[in-house]
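Both backbone and side-chain heavy atoms feed into the values below; hydrogens, waters and symmetry mates do not.
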Amino acid sequence: YEHSPRKAQQELFKRHIRVARQLDLPVIIHSREADEDTVAILREAYAEAPFRILIHCFSSSKYLSDESVKLGGYISASGIITFKKSQALRDSFKSVPLDRLLVETDAPYLSPEPHRGKPCEPAFTVHTARKLAEVKSVPVETLIAATTDNFFTLFSKVKRA
């Protein structure tokens, strides 16, 4: 949304990347109608020094997911992937490698089918995971194991129980 000037958004985005790099934290990005700008800034910053990337609540173009993955980024699926009119989104997820996927709630928004329209909660991610496993043509257990491993790789400061 254009609630602030684009140039200011770009400068703050670059600042977030610098801080995340200093703190050894992933940069979590929700890109809306800014794929070219997002990719350009990611490429420029990554060329300076690598950092971890998460495209959160991905609902954008295959271009953004492909370019983010090329930089080692992760792509996260929300309940949107289960919506009837989201075939193009499901098609974008087909090309994302299993070792670059995450599943999320985006709570309290974007509840997956069959809970669409209700506040989202963590228990609902199983529906998102099932749909993503179907899209990837893998057993849901494989997808769950992969996304769990991916979480702990991306959020490396979190230790497994």
- Task: Would you check if F58 and L64 make a side-chain contact, meaning some heavy-atom pair closer than 4.5 Å?
- Result: yes
- Quick one: do Y46 and I17 satisfy side-chain contact (heavy atoms from CB on, under 4.5 Å)? Show the steps, please. CA-CA 9 Å; Y46 204 85; I17 292 170; over 6 Å; no
- Query: Short question: side chain of T82, backbone of T128 - any donor-acceptor pair under 3.5 Å?
  - Reply: no
- Task: On the 0 to 90° scale, with breaks at 30° and 60°, tag the H115-F124 ring pair as parallel, tilted or perpendicular.
- Result: parallel
- Query: Side chain of R52, backbone of F155: donor and acceptor closer than 3.5 Å?
  - Reply: no
- Item | Salt bridge present between R43 and E67 (N-O < 4.0 angstrom) | yes
- Could you tell me the separation between the NE2 atom of H16 and the CD atom of E11, rounded to the nearest 0.5 Å? 12.0 Å
- Query: Between R90 and Q87, do the side chains contain an N or O donor and an N or O acceptor separated by less than 3.5 Å?
  - Reply: yes
- Query: If you round to the nearest 0.5 Å, how far is CZ of R21 from CZ of R18?
  - Reply: 8.5 Å
- Message: Is the shortest side-chain heavy-atom distance between S95 and K62 below 4.5 Å?
- Response: yes
- Message: Check whether Q9 reaches the backbone of S4 with its side chain - one donor and one acceptor, N or O, closer than 3.5 Å.
- Response: yes
- Query: If only atom types and distance count, is the side chain of K136 paired as donor or acceptor with the main-chain N or O of K94 below 3.5 Å?
  - Reply: yes
- Query: Between D106 and H56, is any pair of side-chain heavy atoms under 4.5 Å apart?
  - Reply: yes
- Message: Are more than 12 heavy atoms, taken from residues, nucleotides or ligands other than E121, located less than 6.0 Å from that residue's CD atom?
- Response: yes
- When you measure from the side chain of R32 to the backbone N and O of S60, does any donor-acceptor pair fall under 3.5 Å? no
- Message: With clusters defined by side-chain heavy atoms of hydrophobic residues (ILVMFWY) lying less than 4.5 Å apart, directly or transitively, does F83 cluster with Y109?
- Response: yes
- Task: Please say which of T125, I144, I81 ends up in a side chain to side chain contact (heavy atoms under 4.5 Å, CB included) with V103.
- Result: T125
- Message: Test side-chain contact (heavy atoms from CB on, under 4.5 Å) on I29 and L54; report intermediate values, then the result.
- Response: CA-CA 6 Å; I29 303 156; L54 171 60; over 6 Å; no
- Of the options L98, I75, L102, which is the one that meets N150 in a side chain to side chain contact (heavy atoms under 4.5 Å, CB included)? L102
- Query: Got T153 and D99 here, is their nearest side-chain heavy-atom distance under 4.5 Å?
  - Reply: no
- Short N-O contact, D149 and R160, less than 4.0 angstrom: yes
- Query: Can you check whether I80's main-chain N or O pairs, donor with acceptor, with S86's side chain at less than 3.5 Å?
  - Reply: yes
- Query: With a cut-off of 6.0 Å (strictly less than), are more than 12 heavy atoms of other residues, nucleotides or ligands near CZ of F152?
  - Reply: yes
- Any chain of hydrophobic side-chain contacts (each under 4.5 Å) joining Y63 to I53? yes
- If you group Ile, Leu, Val, Met, Phe, Trp and Tyr by side-chain heavy-atom gaps below 4.5 Å, do L132 and V126 land in one group? no
- C57 vs S78 side-chain heavy atoms within contact, under 4.5 Å: yes
- Query: Do Q10 and I41 have side chains that get closer than 4.5 Å, going by heavy atoms?
  - Reply: yes
- Any donor and acceptor pair, going by atom type alone, linking the side chain of S111 with main-chain N or O of K118 inside 3.5 Å? yes
- Query: Does the ring center of F151 lie less than 6.0 Å from the ring center of Y74?
  - Reply: no
- Message: Between E44 and K14, does the side-chain contact (heavy atoms from CB on, under 4.5 Å) criterion hold? Intermediate values first, please.
- Response: CA-CA 9 Å; E44 178 185 320; K14 291 174 187 178; 4.1 Å; yes
- Message: Within the 4.5 Å heavy-atom criterion, are P112 and C120 side-chain neighbours or not?
- Response: yes
- Task: Check whether the side chains of S76 and E104 place a donor and an acceptor atom closer than 3.5 Å, and report yes or no.
- Result: yes
- Message: A quick test of your reading: do over 12 heavy atoms of other residues, nucleotides or ligands sit less than 6.0 Å from NZ of K85?
- Response: no
- Message: Grouping I, L, V, M, F, W and Y whenever their side-chain heavy atoms are under 4.5 Å apart, do L101 and L154 come out in a common cluster?
- Response: no
- Message: Pair D37, R6 - check salt bridge (Lys or Arg N to Asp or Glu O under 4.0 Å), show working.
- Response: CA-CA 10 Å; D37 289 344; R6 191 168 285 247; 2.9 Å; yes
- Message: Tell me the closest heavy-atom pair linking R100 and G72, and the distance in Å.
- Response: NH1-O, 2.6 Å
- Message: Is there a side-chain contact (heavy atoms from CB on, under 4.5 Å) between D24 and K157? Walk through the geometry before answering.
- Response: CA-CA 9 Å; D24 190 29; K157 292 185 177 191; 4.2 Å; yes
- Going by heavy atoms in the side chains, are L25 and F51 under 4.5 Å from each other? no
